[in-house]
Novice: 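One structure, pasted below without further comment.
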2 protein chains.
Amino acid sequence: MASLGELERAVMDLLWAGHEAATANTLRDLLAQDSAAVDGNAGHQGKDLAVTTVLTVLSRLEKKGLVERERGTRPHRYQAVSSRADHTAELMHEVLGSAPDREAVLARFIGSVTEGEAATLRKLLGYN
Amino acid sequence: MASLGELERAVMDLLWAGHEAATANTLRDLLAQDSAAVDGNAGHQGKDLAVTTVLTVLSRLEKKGLVERERGTRPHRYQAVSSRADHTAELMHEVLGSAPDREAVLARFIGSVTEGEAATLRKLLGYN
DNA sequence: CCCTATTTCTACGTTACGTAGAAAACTACT
DNA sequence: AGTAGTTTTCTACGTAACGTAGAAATAGGG
């Protein structure tokens, strides 16, 4: 239920970028950043969307619980509820799910992780 | 691109069950199993679907690359291309993606894993 | 009080999915 | 071979999600 469309993801990317810096974005900010992304960026094309389009997407993201909106200030301020890393990790858990074969899944998962990441994981799992 | 609908997942569950046993399922098999699932099973309701419905779903799953169909035999035989565990692990990697913050994601992910699973992971990662 | 920026409402096109009828292809039985 | 039953293909419709945006309502600023 937490899958994102292409544009939704693009918007979340902008909001996530601001999440680190605890930035509260206005619609204008987002549109500006989006246009700026035209240069260089391979992923999303800065398609010069209508403002209402982005607004709609923001509303949908809010309904999905991914975005929080400050309604007090006049240009409302939008921000990601959680960091991209948190969100992604949550998604991973969702995918892993409550299958009866969780451990088998983890085994396969670990099997195809880079050595560097394996090292990171060892560190994270603590020294037994 | 590999997200499944409710019915698609139900069908995959049947096929995955057969995957272990290297069983090649015919449409009849699947329908029978599905009806059988009416008893007890909490998840999917054995809704007594039309045969064509299941066929359609199987075709879509085939197009998605999740199901392989033997066209030689007359009642075609359907089977999951990979085990559920493999598929799920793959999905997890897909979610983890090629983000620049892969390690951060892994950190969050590990943070919310049960102790039993953590132990499993340690084992899988080798004694370091 | 009026203009402009912002937000809300409403809506349309596309695609994925659940669902299945009609028809075609094939098997089997007489 | 002819007919009946089974299996597969083709086509299609309804719903929901998402990209997209116009029209209208709202709120500040001068």
Side-chain angles (χ1 to χ4, degrees), chain A residues 1-15 24-35 37-38 41 43-79 87 91 94-95, chain B residues 1-15 24-35 37-38 43-79 87 91 94:
Chain A
M1 190 250 162
S3 86
L4 298 183
E6 198 177 339
L7 179 54
E8 289 177 328
R9 179 158 300 276
V11 169
M12 284 311 297
D13 276 339
L14 295 180
L15 291 177
N25 304 274
T26 68
L27 175 64
R28 284 298 145 194
D29 292 340
L30 295 174
L31 288 169
Q33 280 182 260
D34 184 58
S35 294
V38 175
N41 195 301
H44 173 245
Q45 273 344 61
K47 282 187 208 154
D48 206 358
L49 300 165
V51 278
T52 51
T53 298
V54 180
L55 262 279
T56 300
V57 167
L58 282 168
S59 293
R60 287 177 183 164
L61 289 170
E62 191 188 14
K63 188 176 333 186
K64 290 185 187 182
L66 296 187
V67 164
E68 201 172 24
R69 172 197 314 230
E70 286 180 38
R71 282 196 154 83
T73 64
R74 181 47 176 169
H76 293 182
R77 290 179 177 276
Y78 308 86
Q79 58 199 305
H87 174 73
L91 265 194
E94 224 169 90
V95 168
Chain B
M1 190 251 164
S3 87
L4 299 183
E6 198 178 338
L7 179 53
E8 290 178 327
R9 177 158 300 277
V11 170
M12 284 311 296
D13 276 338
L14 295 181
L15 291 178
N25 304 273
T26 68
L27 175 64
R28 284 297 146 194
D29 292 340
L30 295 174
L31 288 170
Q33 280 182 261
D34 185 58
S35 294
V38 175
H44 172 244
Q45 274 344 61
K47 282 187 207 152
D48 206 357
L49 299 165
V51 279
T52 51
T53 298
V54 180
L55 262 276
T56 300
V57 167
L58 283 168
S59 292
R60 288 178 183 164
L61 290 170
E62 190 187 15
K63 188 176 332 185
K64 290 185 186 182
L66 296 187
V67 164
E68 202 173 24
R69 171 197 313 229
E70 286 180 39
R71 283 195 153 83
T73 64
R74 182 45 181 176
H76 292 182
R77 289 177 179 277
Y78 307 87
Q79 57 199 304
H87 173 73
L91 266 194
E94 223 168 271

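Chain letters run A, B, ... following the sequence lines, proteins first, then strands; residues in each count from 1.
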Novice: Within less than 4.0 Å of OP1 or OP2 of C:dA16, is there a side-chain N or O belonging to B:R60?
Specialist: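 B:R60 to C:dA16 OP1/OP2: no side-chain N or O under 4.0 Å.
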
Novice: Could you tell me whether a side-chain N or O of B:D29 sits under 3.5 Å from a main-chain N or O of B:T26, the two making a donor and an acceptor?
Specialist: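 Pair found, side chain donor or acceptor close to backbone of B:T26.
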
Novice: Distance check needed: D:dA17 C1' versus A:K63 NZ, whole Å only.
Specialist: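 Those two atoms, NZ and C1', are 11 Å apart.
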
Novice: Starting from P on C:dC17, measure out to CG on B:L61 and report it in whole angstrom.
Specialist: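 So the two atoms are 9 Å apart, to the nearest Å.
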
Novice: Could one point to a donor on the side chain of A:R74 or the base of D:dG29 with an acceptor on the other under 3.5 Å away?
Specialist: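 No.
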
Novice: Is it the case that the base of C:dT7 and the side chain of A:R71 share a donor-acceptor contact (distance under 3.5 Å, atom types as modelled)?
Specialist: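 Side chain to base: no pair below 3.5 Å.
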
Novice: Mind listing the closest non-hydrogen atom pair of A:L15 and A:Q79 along with its distance?
Specialist: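 What the structure gives for the nearest pair is CD2-CA, 4.3 Å.
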
Novice: So does A:Y78 get a side-chain nitrogen or oxygen closer than 4.0 Å to the phosphate oxygens (OP1/OP2) of C:dT6?
Specialist: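 For C:dT6, neither OP1 nor OP2 has a side-chain N or O of A:Y78 closer than 4.0 Å.
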
Novice: For the side chain of B:L7, counting heavy atoms from C-beta on, which of C:dT7, C:dT19, C:dC17 is nearest?
Specialist: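 Closest nucleotide to the B:L7 side chain: C:dT19.
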
Novice: Between C:dA5 atom C1' and A:D29 atom CG, what is the distance in whole Å?
Specialist: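 Atom-to-atom, A:D29 to C:dA5, this comes out as 14 Å.
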
Novice: From C-beta outward on A:R69, which listed nucleotide comes closest to its side chain: C:dT19, C:dT6, C:dT8?
Specialist: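 From the listed options, C:dT8 comes nearest.
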
Novice: Whole Å only: how far is the CD atom of B:E6 from the C1' atom of D:dA17?
Specialist: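 Taking CD of B:E6 and C1' of D:dA17, I get 16 Å after rounding.
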
Novice: Rounding to an integer number of Å, can you tell me how far A:L49 CG sits from D:dC18 C1'?
Specialist: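 Nearest whole value for this atom pair: 13 Å.
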
Novice: Nearest whole Å is fine: how far is D:dT7 C1' from B:N25 CG?
Specialist: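 Computing the B:N25:CG to D:dT7:C1' distance gives 16 Å.
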
Novice: Please identify which of these residues, B:V54, B:L55, B:L61, meets the side chain to side chain contact (heavy atoms under 4.5 Å, CB included) condition with B:Y78.
Specialist: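 By the side chain to side chain contact (heavy atoms under 4.5 Å, CB included) criterion, B:Y78 pairs with just one of B:V54, B:L55, B:L61: B:L55.
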
Novice: Looking at every non-hydrogen atom in both residues, tell me the closest pair between A:K64 and A:S3 and how far apart they are.
Specialist: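 Where A:K64 meets A:S3 most closely, the heavy atoms are NZ-O, 3.2 Å.
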
Novice: As a test of reading the structure: which of C:dG18, D:dT8, C:dC17 is closest to the side chain of B:K64, going by heavy atoms?
Specialist: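 The nucleotide sitting nearest to the side chain is C:dC17.
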
Novice: From CG of A:L4 over to P of D:dG19, roughly how many Å is that when rounded to an integer?
Specialist: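 Rounded to whole Å, this separation is 9 Å.
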
Novice: Below the 4.0 Å mark, does D:dG22 have OP1 or OP2 next to a side-chain nitrogen or oxygen of A:T52?
Specialist: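 No, A:T52 has no side-chain N/O under 4.0 Å of OP1/OP2 on D:dG22.
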
Novice: A:S3 has a side chain; which of C:dT7, D:dC18, C:dT19 sits nearest to it?
Specialist: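 Minimum distance to the A:S3 side chain belongs to D:dC18.
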
Novice: Please figure out whether A:T73 or A:E8 has its closest DNA chain D nucleotide nearer the 5' end.
Specialist: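 This one resolves to A:E8.
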
Novice: Only one of A:V57, A:N25, A:L49 forms a side chain to side chain contact (heavy atoms under 4.5 Å, CB included) with A:V11, so which one is it?
Specialist: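 The residue from A:V57, A:N25, A:L49 that satisfies side chain to side chain contact (heavy atoms under 4.5 Å, CB included) with A:V11 turns out to be A:V57.
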
Novice: Check the distance between D:dC18's P and A:L55's CG and give it to me in whole angstrom.
Specialist: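 About 17 Å, once rounded to whole Å.
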
Novice: At less than 3.5 Å, do the side-chain atoms of A:T56 and the base atoms of D:dA21 form a donor-acceptor pair?
Specialist: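 For A:T56, whose side chain was compared with the base of D:dA21, there is a donor-acceptor pair (under 3.5 Å).
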
